[in-house]
Number of protein chains: 2
Amino acid sequence: MKTEERNFSTCSKHMFPVHDALAVLNGKWKLPIIISLMFGNKRFSQIGREIPKITDKMLSKELRDLEMNELVKRTVYDSIPVVVEYTLTDYGHTLEPVIEVLRKWGEKHRERIMKEESTE
Amino acid sequence: MKTEERNFSTCSKHMFPVHDALAVLNGKWKLPIIISLMFGNKRFSQIGREIPKITDKMLSKELRDLEMNELVKRTVYDSIPVVVEYTLTDYGHTLEPVIEVLRKWGEKHRERIMKEESTE
DNA sequence: CCGCATCCAGTTCGATACTG
DNA sequence: CAGTATCGAACTGGATGCGG
């Protein structure tokens, strides 16, 4: 087997799972929503208030996507006015390490950006 | 301080860095490109062959974005035909833990999807 | 053939307004 | 409160072209 072929296989072994993960977590809003729900069950507009700049439309759409992938559970209480509560499922909680690593990288990245801006 | 306010602050501390990270890594293609370059320096069309379904246009655009964020270095060799080599910078390599965690989650997720499809 | 740039179509996203 | 409806802007994808 040639070097390039072996490299190609090794590379694909990493690429496909990451592709699968990105297919579920794509877009700007899904991880922020999950983070919001990591800190407790929330109602629709409560999530909206915690995520800067998200619109109702996007929040509604992304919550539906997350629900379809069983990361988030939606519960409707038949009170008046109607109350809808969103909960992170057990499966949703398995994303905690992912978020933790991204958070650490994001902090380092912000430090780097700030330093660059002050020296240029 | 009320419970909700404290939760809001804690939550934001996690959300902002993740937001910063996502701003750099957004889209379907950036992480696959970085993975490809983790396995060695590559030329334009070599990267294209390793990433299923990516078009030349997207590859070109995403490489430029990554270059601007100093995750990837672009070197042009004045040979005939011209050769352009892409390299992961040291900073680009700091994304390895992020990719590793996403890869692990993606593998588990694929297992889960497969199981569901066979039992439903 | 290599690394793009350009044109055009389809999809997604965002702002605002509105409903039960 | 918890979303929908609508419209325009932005982003994405495919086909094609082009200098070297």
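Convention: sequence-line order gives letters A, B, ...; per-chain numbering from 1. What you are looking at is a predicted structure, and each value in this text was computed from that prediction instead of being measured.
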On a heavy-atom basis, the closest approach of A/Leu22 and B/Pro32 is CD1-CD, 4.1 Å
Looking only at heavy atoms, what is the nearest atom pair of B/Asp56 and B/Phe44, with distance?
O-CZ, 3.5 Å
Does C/dG14 have its OP1 or OP2 closer than 4.0 Å to a side-chain nitrogen or oxygen of A/Trp29?
yes
Ignoring backbone atoms, establish whether B/Arg64 has a side-chain N or O less than 4.0 Å from OP1 or OP2 of C/dA5.
yes
Just the endpoints, please: which first and last nucleotides of DNA chain D, 5' to 3', lie under 4.0 Å from a heavy atom of chain A?
D/dC1 to D/dT6
5' priority, DNA chain D, between B/Lys28 and A/Glu85 [closest heavy atom]:
A/Glu85
Sole residue of B/Lys104, B/Arg103, B/Arg110 in salt bridge (charged side-chain N to carboxylate O under 4.0 Å, His left out) with B/Glu107
B/Arg103
Base, sugar-phosphate or nothing for B/Val83? Non-hydrogen atoms, less than 4.0 Å.
nothing
Should B/Val18 and A/Met114 be counted in the same cluster of Ile, Leu, Val, Met, Phe, Trp and Tyr side chains packed under 4.5 Å apart?
no
Kindly write out the residues that satisfy side chain to side chain contact (heavy atoms under 4.5 Å, CB included) with B/Asn26, not counting sequence neighbours, or none if the list is empty.
B/Lys30
Could you pull out all residues at least two apart from B/Lys13 that satisfy side chain to side chain contact (heavy atoms under 4.5 Å, CB included)?
none
Near DNA chain C, which residues from residues 30-61 of chain A have a heavy atom under 4.0 Å away?
A/Thr55, A/Lys57, A/Met58, A/Lys61
Near DNA chain C, counting only heavy atoms under 4.0 Å, which residues of residues 70-78 of chain A show up?
none
Does any pair with a residue in residues 71-92 of chain A pass salt bridge (Lys or Arg N to Asp or Glu O under 4.0 Å), and if so which ones, sequence neighbours excluded?
none
Within a reach of under 6.0 Å around CZ of A/Phe16, are more than 12 heavy atoms found that belong to other residues, nucleotides or ligands?
no
Within 6.0 Å of NE2 in A/His19, more than 12 heavy atoms from elsewhere
no
B/Thr87 side chain to B/Asn41 main-chain N or O, any donor-acceptor pair under 3.5 Å?
no
